[in-house]
Amino acid sequence: MTRTRITGTGSAVPENIRTNFDLEKMVDTTDEWITTRTGIRERRIAAEGEYTSTFATRAAERALEMAGVAAEEIDLIIVATITADFPFPATACLVQSNLGAKKAAAFDIAAACSGFVYGLSIADNAIRGGTARKALVIGAEVLSRIIDWTDRNTCLLFGDGAGAVVVEACEGERGILSTHLHSDGSYWELLYQPGCGSRNPAVQQTLDERKIFLVMQGNEVFKLAVRAMEDAALQALETNRLTPSDISIFIPHQANRRIIDAIGKRLGLGADKVYVNLDRYGNTSAASIPLALDEANRGGRINEGDIVLFDAFGGGLTWGSALVRW
Ligand code: UT7
């Protein structure tokens with residue numbers, strides 16, 4: 001049976017670190033509030049001259065190196081992002097050019113923080129359907145450029161970075177076992193960027209009204225996230241006739257430590273099964289799961305045959321899960 005297997009992981013983050021103590025000097029907040037309410041201690045911020053494609057390309061290069069796959073062999077490049085280099089062309093096309101992945105089809109998807117799981121699902125279907133044999137799925141963001149650094153409700157939450165995987169058609173039992181994707185557009189106003197699209201184009205008025213920045217109703221998002229992520233995790237397990245005790249490692253979207261802990265508790269997972277790195281990176285949206293995956297993988301936390309569960313939730317609203325036998 002042909003399955004889609006993750007054969008390489010990679011990640012890249014900016015060098016520049018912005019700590020909670022730095023934020024104390026920028027807005028009315030404290031390290032104590034941020035740490036206890038979110039679990040975040042610091043985040044990475046892109047420097048001038050660094051773009052979403054910069055980190056996407058670096059992460060992809062590292063994933064290709066681990067997989068032992070040349071860029072020229074890649075059939076498909078999917079970049080999940082809500083902070084593309086340009087409205088168009090797709091950041092995936094810039095990555096294709098940077099890598100020299102000449103035969104690849106390349107496009108972006110905008111599914112916010114669920115983008116990586118969405119991309120993985122699309123690549124899995126392309127591979128099992130036979131239209132691609134080797135693909136790159138990348139989650140990459142430079143959210144710092146759409147954050148209002150005077151808004152304490154949002155500025156402390158987000159960070160920049162990228163994660164990538166190489167996926168390949170393989171025979172056998174190892175690989176992606178299932179993906180489940182969901183959305184509910186009736187909640188679109190809970191988390192969005194009002195400006196720079198066709199409703200509020202990038203003109204002076206949009207800038208003056210500060211509509212270029214991300215806005216979020218954090219409390220509402222929080223409640224919906226816990227329920228939706230639990231549902232998506234259980235759906236993945238039920239589809240594969242598994243139970244939470246079969247999970248070797250749970251890699252959830254990294255938005256808030258309290259959300260992650262609540263889902264871990266509902267699933268009955270010990271802390272040793274739940275991978276958390278948001279203390280160092282904050283919420284990197286589409287990059288968060290592949291960034292955590294790469295850290296866990298390179299840190300020796302994932303072994304052949306392990307059951308790995310990805311669980312995502314974000315603006316849209318969008319959410320979903322992917323279950324993998326490593
Ligand atoms: O990635 C996509 C999904 N995104 C998420 O999942 C984010 C989900 N939401 C969250 O993570 C949380 O809702 C936040 C971290 C954004 C906010 O935490 P909260 O526990 O929901 O706090 P809150 O907004 O209810 O505010 C509690 C209190 C308020 O004061 P009062 O009214 O109780 O006196 C706020 O004014 O904390 C105050 N507050 C702050 N204090 C210090 C809000 N922001 C800050 C701040 N520093 N930065």
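In each ligand, atom 1 is the first atom listed, and ligand 1 is the first ligand listed. Hydrogens, waters and symmetry mates are skipped; everything else that's a heavy atom, side chains included, is used.
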S.K.: More than 12 heavy atoms of other residues, nucleotides or ligands under 6.0 Å from CD of Glu209: yes or no?
M.R.: yes

S.K.: Considering only protein heavy atoms, which is closest to atom 19 (P) of ligand 1, and at what distance to one decimal place?
M.R.: Arg258 NH2, 3.7 Å

S.K.: Hey, is atom 43 (C) of ligand 1 under 4.0 Å from any protein heavy atom?
M.R.: yes

S.K.: Any Lys/Arg nitrogen of Lys223 or Glu220 sitting under 4.0 Å from an Asp/Glu carboxylate oxygen of the other?
M.R.: yes

S.K.: Check each atom of ligand 1 against the heavy atoms of Met216 and keep those under 4.0 Å away; list them by number with element.
M.R.: 4 (N), 7 (C)

S.K.: Is it true that Ser178 and Asn240 share a donor-acceptor pair across their side chains at a distance under 3.5 Å?
M.R.: yes

S.K.: Protein heavy atoms: any of them under 4.0 Å from atom 30 (O) of ligand 1?
M.R.: no

S.K.: Look at atom 1 (O) of ligand 1 and say which protein heavy atom is nearest, naming residue and atom and giving the distance to 0.1 Å.
M.R.: Asn283 ND2, 2.6 Å

S.K.: Distance only, no hydrogens: is a donor on one side chain within 3.5 Å (strictly under) of an acceptor on the other, for Ser144 and Asp160?
M.R.: yes

S.K.: Among all protein heavy atoms, pick the one closest to atom 4 (N) of ligand 1 and tell me residue, atom and distance.
M.R.: Val221 CG1, 3.6 Å

S.K.: Tell me, yes or no, whether the heavy-atom count around Arg266 atom CZ, taken from other residues, nucleotides or ligands under 6.0 Å, exceeds 12.
M.R.: yes

S.K.: Kindly indicate whether atom 39 (N) of ligand 1 is approached by any protein heavy atom to under 4.0 angstrom.
M.R.: yes

S.K.: Tell me whether the guanidinium CZ or amine NZ of Arg43 lies under 6.0 angstrom from the six-membered ring centre of Trp149 and within 45° of its axis.
M.R.: no

S.K.: Measure from atom 48 (N) of ligand 1 to every heavy atom in Ile260, Thr38, Asn20, Leu156 and give the option owning the shortest one.
M.R.: Leu156

S.K.: Less than 4.0 angstrom from a charged side-chain N to a carboxylate O is my criterion; do Arg128 and Asp124 meet it?
M.R.: yes

S.K.: I'd like to know whether ligand 1 has Asp28 as a neighbour, heavy-atom separation below 4.0 Å.
M.R.: yes

S.K.: What are the atoms of ligand 1, with element, lying closer than 4.0 Å to any heavy atom of Ala255?
M.R.: 1 (O), 5 (C), 6 (O)

S.K.: Report yes if some N/O of Gly315 lies less than 3.5 Å from some N/O of ligand 1; otherwise report no.
M.R.: no

S.K.: Can you pull out the closest protein heavy atom to atom 2 (C) of ligand 1? Residue, atom name and distance to 0.1 Å, please.
M.R.: Cys113 SG, 3.4 Å

S.K.: Give the residue, atom name and distance (to 0.1 Å) of the protein heavy atom nearest atom 36 (O) of ligand 1.
M.R.: Arg152 NH2, 3.0 Å

S.K.: Going by atom types only, do Glu295 and Tyr275 share a side-chain donor-acceptor pair under 3.5 Å?
M.R.: yes

S.K.: Would Arg227 and Trp319 count as a cation-pi pair here, with the cationic atom under 6.0 angstrom from the ring centre and within 45° of the axis?
M.R.: no

S.K.: Tell me which part of Asn256 gets within contact of ligand 1: side chain, backbone, both or neither, using heavy atoms under 4.0 Å.
M.R.: side chain

S.K.: List ligand 1 atoms under 4.0 Å from Gly218, heavy atoms only on the residue side.
M.R.: 8 (C), 9 (N), 13 (O)

S.K.: For residues Ala106 and Gln96, report the shortest heavy-atom separation together with the two atoms involved.
M.R.: CB-CB, 4.4 Å

S.K.: Nearest 0.5 Å, what's the CG-CD1 distance between Leu143 and Ile82?
M.R.: 5.0 Å

S.K.: Nearest to atom 6 (O) of ligand 1, what protein heavy atom do you find, and at what distance?
M.R.: Ile259 CD1, 3.3 Å

S.K.: List the atom of Asp85, the atom of Ser53, and the distance in Å for their closest heavy-atom pair.
M.R.: OD2-OG, 2.6 Å

S.K.: Below 4.0 angstrom from a heavy atom of Asn153, which ligand 1 atoms are there? Numbered from 1 as shown, please.
M.R.: 43 (C), 44 (N)

S.K.: Does the protein put any heavy atom within less than 4.0 Å of atom 9 (N) of ligand 1?
M.R.: yes

S.K.: Suppose we measure from atom 22 (O) of ligand 1 to each protein heavy atom; which comes out shortest, and what is that distance?
M.R.: Arg37 NH1, 3.6 Å

S.K.: Look at atom 34 (O) of ligand 1 and say whether a protein heavy atom is found at less than 4.0 angstrom from it.
M.R.: no

S.K.: Could you check Asp108 against Thr81 for side-chain hydrogen bond (donor to acceptor under 3.5 Å, both in side chains), going step by step and ending with a plain yes or no?
M.R.: CA-CA 7 Å; Asp108 290 358; Thr81 187; over 6 Å; no

S.K.: Do Leu99 and Leu94 sit in the same hydrophobic cluster, where Ile, Leu, Val, Met, Phe, Trp and Tyr count as joined when their side-chain heavy atoms come under 4.5 Å apart?
M.R.: no

S.K.: Among all protein heavy atoms in this structure, tell me which lies nearest to atom 46 (C) of ligand 1, with the distance rounded to 0.1 Å.
M.R.: Thr29 OG1, 3.3 Å

S.K.: Please could you name the atoms of ligand 1 that His253 approaches to less than 4.0 Å, counting only its heavy atoms?
M.R.: 1 (O), 2 (C)

S.K.: Applying a heavy-atom cut-off of 4.0 Å, say which part of Leu191 lies close to ligand 1: side chain, backbone, both or neither.
M.R.: side chain

